[in-house]
Visitor: 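Quick one: structure below, then a few questions.
First listed ligand is number 1; within each ligand, the first listed atom is number 1. In this text, all values refer to a predicted model and were calculated from it rather than measured experimentally.
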Amino acid sequence: MSKNFRVLASVALAASLAATSACSNTRDEEASSGSSSNLIGIAMPQKSLERWNKDGSHLDEILKKAGYETSLQHADSVEQQITQIQNMINQNPKVLVVASIDGTALAPALEKAAEKKVKVIAYDRLINSTPNVDFYATFDNYLVGKLQGQFIEEKLGLKDGKGPFNLEAFAGSADDNNAKFFFSGAWDVLKPYIDSGKLVVPSGKKPATNEEWTTVSVQGWKTETAQSEMDNRLNSFYTGGKKVNVVLSPNDSLALGIAQSLESKGYKPGADYPIITGQDADLANTKNVLADKQSMTVWKDTRTLGDQVLKMVDAIVKGGTVETNDTKTYNNGVKVVPSYLLPPVVVTKDDVKTKLVDSGFYTADKLGL
Ligand code: BGC
């Protein structure tokens, strides 16, 4: 990882932990939306990924409750998302909230938004290579990966010199700006143990630097792709009784495929079952955590992200101050986008109830508790 990135990432961490000492961006009248409507456009990625389903409906619900009209659209492809955004801009919304499929493909569409003075909030994923993104609301993405790396470090006793252990590593979709932050956060913790021989990677799929993370990425965050990749690695490199001890998975959609692959190769929950990380606290994965088929998930309470975006929308529309707490980390290639970073939380079997049920994220019933 470049020094720069590491410095930026640690700034991100500090910023996310700094409670509410938010800096601010005062909106000037010039820049305010030219629209007289009350419409907020919400562009979300694939409905098939549980996360975006939940995020979309929560945001839609709270914006409506706050008195806005909304247009909520999910897209399955970059092209579809661009068309949806163009259509929304034609309706003159006050604000456009965009969770991009491809963080680098929206620049031309957003030029039109700027012409019409529609403010743009990047939701969860940064939009790159354009000046026309005004704010960014997300979780501390580097910290997500760091929590996964630290979990592995602690569970295996790596700090106490234990090892060697067999590790397989995966990264998220190459077109998602978040994926490199997740990988870097984890790899900064794990790579030194690979270098010292305490973590061994039988498949050889071990990026030499954080910048090479796309060599282990899974396009579109697809469960099936992660499953077949894990199948291939197990078939080719885990012969003669060799066992995988730990799998770095950046999120739950990949972790699900990885667990399915392990199961099909005869791995059973218990002492020989590998540590598997995840992110999102998806329903199937939370059940897997309870069933000892996944070791942890990094929970990002997407309700709080929605609430933060509602505050941003209100400030933009009503002419207040948009609260941000990080103005250094998220450079989109054209500018540093003022961001609000929320803190992610590790959930293991022991605290599914206290963290996910008591907070109302899931009912006990839904988890079979
Ligand atoms: C999100 C993750 C999610 C992944 C796949 C990322 O941009 O931050 O929470 O697991 O996309 O949907």
Visitor: Within the distance-only criterion (no hydrogens, no angle test), does the side chain of Y123 pair as donor or acceptor with the backbone N or O of T138 below 3.5 angstrom?
Guide: no
Visitor: Answer yes if the side chains of D252 and Q294 hold a donor-acceptor pair under 3.5 Å, and no otherwise.
Guide: yes
Visitor: Parallel under 30°, tilted from 30 to 60°, perpendicular over 60°: which one fits the rings of F181 and Y330?
Guide: tilted
Visitor: At a heavy-atom distance under 4.0 Å, which protein residues reach ligand 1? Sort them by chain and number, would you?
Guide: L49, R51, W52, D124, R125, D176, N178, F182, W221, N251, Q279, D280, K300
Visitor: Indicate yes or no: does D307 engage K311 in a salt bridge with an N to O separation below 4.0 Å.
Guide: no
Visitor: Between K64 and D60, is the closest basic N to carboxylate O distance under 4.0 Å?
Guide: yes
Visitor: Taking the six-membered ring of Y362 (Phe, Tyr or Trp), confirm whether the NZ or CZ of K287 is under 6.0 Å from its centre and within 45° of its axis.
Guide: no
